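Below: the structure, in structure tokens.
Only a predicted model underlies this, so the values are computations on that prediction, with no experimental measurement involved.
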Amino acid sequence: NVGQTVSLRIGLNIIQVIARLPDVRTSEGMCYVTVERRPPLDRVAAAAAKPTLHWCSIGVNNYEGTSLASLQHAKNDVEKVAEALAKRKNSTRFPYQDIKFHRLVDEQASKVGIGGLFDALINPNSTNKVKTGDTVGIHISAHGGIVAGTDGYMLVPHGGDPQKPRATCVLWSEFVELANSLGKQNVRLLFFVDTCRAGGLGTIDSGAAKILSSELSGVIFSASGAKQSALEYSTWEHGAFSLALREALEGRPLVNVAWPNGLRPDDDQDGLLDVRELESFVYKRVRALTMDQQAPEHARPRMGLEPSLF
């Protein structure tokens with residue numbers, strides 16, 4: 001083996017290599033090696049080129065004064081998931097330059113408050129306005145249901161009455177309107193919905209899911225089927241779906257009887273969570289936690305893509 005140090009210029013370098021046997025002048029070989037030297041990585045510029053993640057946390061425990069029972073862990077759901085997401089920002093492979101957190105809990109998460117958040121995301125004069133190429137993630141933990149006489153989903157905000165959905169609840173059509181507005185800016189939209197009947201958000205063939213996929217490369221993660229409840233227990237201090245989402249973001253493998261070799265959120269261990277990995281982990285974890293009483297659903301019509309989410 002022969003080693004030789006060669007200085008390279010920035011750009012394309014063509015190096016001539018000659019091999020000759022000792023004392024044999026007529027026997028030699030020659031070749032050319034092309035090497036490209038790139039300029040040093042400007043890490044500041046590289047970070048600035050990444051999109052911003054706008055993370056919207058909407059959690060409602062308090063339903064006093066309505067026909068619905070108050071929840072115990074919805075506020076904790078959205079806060080702990082946001083904390084786990086914030087810690088991922090320290091990873092060198094995190095796919096966003098920054099995270100802007102938007103938090104609405106209990107009284108803040110009224111129909112008016114949620115509408116105001118949506119307006120802030122799309123208002124060109126807002127300091128929270130989403131820019132072209134950014135990603136918006138919306139994590140909801142609250143009551144939800146299907147509007148009577150339709151197959152349309154509704155989010156029941158603080159003070160909402162499911163008997164008066166159009167006047168007091170946030171209808172799925174309002175989420176679709178947000179999606180349409182953001183789609184004009186090439187913004188990706190991610191929904192994580194931990195409510196009962198969340199499967200009513202839309203299937204792969206629904207109009208809402210098509211809007212998310214074709215215009216936003218979006219994904220819907222639903223805690224339960226359209227006819228299922230979303231469970232929460234005091235031993236978890238979470239809803240099952242939000243606990244699984246938190247664990248996925250924290251990245252620790254789970255080892256138990258069901259998964260003796262460990263259930264890993266980051267299955268290929270590349271430091272990123274893509275759509276397939278998150279779908280697989282959350283689905284398996286929620287079914288195990290609830291003993292198959294609850295099965296998360298998702299809508300990801302662009303089945304050929306596996307974009308990195310976190």
Side-chain angles (χ1 to χ4, degrees), residues 54-85 100-123 126 128 136-148 150 152-179 181 189-202 208 220-224 226 228-234 236-243 245-246 294:
H54 298 258
W55 189 256
C56 307
S57 302
I58 301 172
V60 184
N61 277 344
N62 185 0
Y63 284 94
E64 293 182 8
T66 74
S67 60
L68 298 173
S70 290
L71 299 173
Q72 300 300 312
H73 307 294
K75 180 179 176 182
N76 192 56
D77 282 343
V78 298
E79 290 180 343
K80 294 300 182 183
V81 166
E83 288 177 12
L85 181 60
K100 292 186 177 181
F101 290 98
H102 312 271
R103 175 181 176 271
L104 298 177
V105 295
D106 284 337
E107 290 82 0
Q108 300 167 330
S110 63
K111 181 178 175 68
V112 172
I114 294 171
L117 172 60
F118 290 178
D119 286 341
L121 292 174
I122 61 178
N123 186 338
S126 170
N128 294 319
V136 172
I138 299 178
H139 177 210
I140 298 169
S141 184
H143 277 304
I146 304 298
V147 177
T150 76
Y153 172 82
M154 63 178 170
L155 165 65
V156 184
H158 177 78
D161 181 353
Q163 302 302 317
K164 301 176 181 177
R166 291 166 183 82
T168 67
C169 297
V170 182
L171 304 184
W172 180 233
S173 59
E174 296 176 62
F175 289 97
V176 173
E177 183 180 348
L178 173 68
S181 297
L189 190 54
L190 312 175
F191 282 104
F192 300 88
V193 186
D194 194 353
T195 75
C196 297
R197 318 293 187 266
L201 284 166
I220 305 171
F221 290 86
S222 305
S224 60
Q228 288 183 327
S229 296
L231 304 179
E232 64 169 10
Y233 286 111
S234 295
W236 305 334
E237 296 183 342
H238 277 294
F241 175 82
S242 290
L243 175 59
L245 178 57
R246 173 187 174 180
Q294 179 180 334

Can you name the side chain to side chain donor-acceptor pair (under 3.5 Å) partners of Ser242, sequence neighbours left out?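 Checked Ser242 against side chain to side chain donor-acceptor pair (under 3.5 Å); matches are His139, Asp194.
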Identify the two heavy atoms, one from [X] and one from [Y], that lie closest to each other, and give their separation to 0.1 Å.
X      : Y      : result
Ser141 : Asp77  : OG-OD2, 2.7 Å
Phe191 : Leu189 : CE1-CD2, 3.5 Å
Ile58  : Leu117 : CD1-CD2, 4.4 Å
Pro157 : Leu155 : CD-O, 3.1 Å
Phe241 : Val193 : CE2-N, 4.0 Å

Glu79: which residues meet the salt bridge (Lys or Arg N to Asp or Glu O under 4.0 Å) condition with it, sequence neighbours left out? Arg103
Can you list everything that forms a salt bridge (Lys or Arg N to Asp or Glu O under 4.0 Å) with Glu83? Sequence neighbours excluded, please.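 Checked Glu83 against salt bridge (Lys or Arg N to Asp or Glu O under 4.0 Å); matches are Lys80.
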When rounded to the nearest 0.5 Å, the distance separating NE2 of His238 from CG of Asn76 is 4.5 Å
How long is the span from the CD atom in Gln294 to the CD atom in Glu232, to the nearest 0.5 Å? 10.5 Å
Flag the pair [X] / [Y] as yes when at least one side-chain heavy-atom distance between them is below 4.5 Å, and no otherwise.
X      : Y      : value
Val60  : His143 : no
Pro165 : Leu171 : yes
Cys56  : Leu121 : yes

Trace of the side chain to side chain contact (heavy atoms under 4.5 Å, CB included) decision for Trp55 with Val81: CA-CA 10 Å; Trp55 189 256; Val81 166; 4.0 Å; yes
Give every donor-acceptor pair under 3.5 Å between a side-chain atom in residues 64-75 and any protein atom, sequence neighbours left out.
from	atom 1	to	atom 2	distance (Å)
Thr66	OG1	Tyr63	O	2.6
Thr66	OG1	Leu68	N	3.1
Ser70	OG	Tyr63	N	3.0

My understanding is that only residues two or more places apart in sequence, or in another chain, count here; which of them pass side chain to side chain contact (heavy atoms under 4.5 Å, CB included) with Thr168?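 Here the qualifying residues are Asp161, Lys164.
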Under the side chain to side chain contact (heavy atoms under 4.5 Å, CB included) test, residues paired with Glu177 that sit two or more places apart: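 Here no residue qualifies.
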Test side-chain contact (heavy atoms from CB on, under 4.5 Å), reference Ile138, set Leu178, Ile114, Leu190, output is Leu178
So that I can tick it off, tell me whether Glu237 and Arg246 are bridged by a salt bridge, with the cut-off set at under 4.0 angstrom between side-chain N and carboxylate O.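 Looking at Glu237 together with Arg246, the answer is no, because their closest N to O distance does not fall below 4.0 Å.
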Distance-only polar pair, side chains of Ser222 and Tyr153, donor-acceptor under 3.5 Å: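 No pair is found: no donor N or O on one side chain lies under 3.5 Å from an acceptor on the other.
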For side chain to side chain contact (heavy atoms under 4.5 Å, CB included), just list the numbers for Tyr233 and Leu243, CA-CA rounded to whole Å, side-chain angles, deciding distance to a tenth of an Å, and then say yes or no. CA-CA 11 Å; Tyr233 286 111; Leu243 175 59; over 6 Å; no
Taking Asp106's backbone N and O only, do any of them form a donor-acceptor pair with Asn62's side chain (distance below 3.5 Å, no angle check)? no
Please check if the side chain of Lys111 supplies one atom and the backbone of Cys169 the other of a donor-acceptor pair under 3.5 Å.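 Pair found, side chain donor or acceptor close to backbone of Cys169.
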